[in-house]
Trainee: 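Right, I'll just put the structure down here and ask away after.
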Number of protein chains: 2
Amino acid sequence: MPAREAARKLNESCRTWREQFPDLTSCPARDVMDYIGAKWSTLVLITLAQRSRRFGELKREIPEISQRVLTQTLRDLEQDGLISRTVFPTKPPSVEYSLTKLGTSLLIPLWELVSWANENHDKIRRARKRFKAAGK
Amino acid sequence: MPAREAARKLNESCRTWREQFPDLTSCPARDVMDYIGAKWSTLVLITLAQRSRRFGELKREIPEISQRVLTQTLRDLEQDGLISRTVFPTKPPSVEYSLTKLGTSLLIPLWELVSWANENHDKIRRARKRFKAAGK
DNA sequence: CGGGATCCCTGCCGATACTG
DNA sequence: CAGTATCGGCAGGGATCCCG
């Protein structure tokens, strides 16, 4: 799709939101942006992309995240139906997280975004340098 | 693209990041996620999508944003080369903001994401209700 | 093992007032 | 008109300790 068409469609959508959701916070797009923006959600989704994992596995694969925040992130994603949580009554109990169909379908637009990031990161970095060099 | 392939590609990319950017904060995807996650950036981008606007116009079209935050948002987007800022030495001075080519190209993946949001918002809302109903 | 509860702190965001 | 300057609230994120 050409950028021009994307622009037009976005504008149309945006106008619709305005009428449909006078309170912008209830706009559907906001919800999704929140995942994407949340510091760790996407990384968790990607980590779960190929196979389900247990809590400890996730923690080990993403050591930078704190336990508390991992728990919260998982709860949030579960709440919105992007991942599912299965408790096995072993001893001690083990809990497995996996992507739902909905969560998996999010990977497609997510991938588009990540591709864009990779392709354009150089330009962004250069723009930043120029900006700084201009004394701003 | 099927979801399965998106998953695979994301995993590959993710592994590459890990090696290339041991400090996750310097990962290219992070930068882009930050725009998307930033409360107002996308709305500003969309508003600029079809024609450039002056500061006051933007403020009027997005009344919910405060002046200070609008200024900051514009600065951030300008810094990364997504929008350009042109000062006309009229009296009083007027400033025009417009999308750059780079900024315009971001609209495409952004649109994909927004589409996904619109298509799946019902499922998300239902999942939330179920979650609450389950007493969590 | 997989969390819950608590404390704390930084940085986003907003309101208000002022300026070239 | 298009911003700066200043103050302050509050929520996201983190460290640490504790529990079944």
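All of these numbers come straight from a predicted model, not from anything done at the bench. Here is how names work: the chains are called A, B, and so on, in the same order as the sequence lines, proteins then strands, and each is numbered from 1.
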Trainee: Reckon A:Phe88 touches a base, only the sugar-phosphate, or nothing at all at heavy-atom distances under 4.0 Å?
Mentor: nothing
Trainee: Should A:Asp31 and B:Arg128 count as an ion pair when the cut-off is N to O under 4.0 Å?
Mentor: yes
Trainee: Using 4.0 Å as the upper bound for N to carboxylate O, is an ion pair formed by A:Arg18 and A:Glu12?
Mentor: no
Trainee: Are B:Tyr97 and B:Ile62 connected in the hydrophobic side-chain network, where two residues link if heavy atoms are under 4.5 Å apart?
Mentor: yes
Trainee: I'd like to know if A:Arg130 and B:Asp80 make a salt bridge, using a cut-off of under 4.0 Å between side-chain N and carboxylate O.
Mentor: no
Trainee: Starting from P on C:dG2, measure out to CD1 on A:Ile62 and report it in whole angstrom.
Mentor: 14 Å
Trainee: Rounded to the Å, how far apart are A:Glu57 CD and C:dC1 P?
Mentor: 12 Å
Trainee: According to the Watson-Crick and G-U wobble definition with distances under 3.5 Å, which dot-bracket string, read 5' to 3', encodes DNA chain D, using [ ] for crossing pairs and | for pairs with another strand?
Mentor: ||||||||||||||||||||
Trainee: Given B:Glu19 and B:Arg15, is the salt bridge (charged side-chain N to carboxylate O under 4.0 Å, His left out) satisfied, shown in steps?
Mentor: CA-CA 7 Å; B:Glu19 293 158 11; B:Arg15 216 166 305 126; over 6 Å; no
Trainee: Taking salt bridge (charged side-chain N to carboxylate O under 4.0 Å, His left out) as the test, write out the residues that go with B:Lys9, two or more places apart.
Mentor: B:Glu5
Trainee: Considering only heavy atoms of chain B and a distance under 4.0 Å, specify the first and last nucleotide of DNA chain D in 5' to 3' order that meet this criterion.
Mentor: D:dC1 to D:dT6
Trainee: For every nucleotide of nucleotides 10-17 of chain C, 5' to 3': is a protein heavy atom under 4.0 Å from its base (B), only from its sugar-phosphate (S), or from neither (-)?
Mentor: ---BBB-B
Trainee: Mind checking the CD1-CG spacing from A:Ile108 to B:Leu113? Nearest 0.5 Å is all I need.
Mentor: 12.0 Å
Trainee: Rounded at 0.5 Å granularity, tell me how far CG in A:Leu102 sits from OG in A:Ser84.
Mentor: 11.5 Å
Trainee: List the atom pairs, donor and acceptor, that lie under 3.5 Å between side-chain atoms in residues 43-51 of chain A and the rest of the protein, sequence neighbours left out.
Mentor:
residue, atom, partner, partner atom, Å
A:Thr47, OG1, A:Leu43, O, 2.7

Trainee: Which pairs would a plain distance check flag for residues 65-76 of chain B, meaning a side-chain donor or acceptor within less than 3.5 Å of a matching protein atom at least two apart in sequence or in another chain?
Mentor:
residue, atom, partner, partner atom, Å
B:Ser66, OG, B:Val69, N, 3.3
B:Thr71, OG1, B:Gln67, O, 3.0
B:Thr73, OG1, B:Val69, O, 2.7

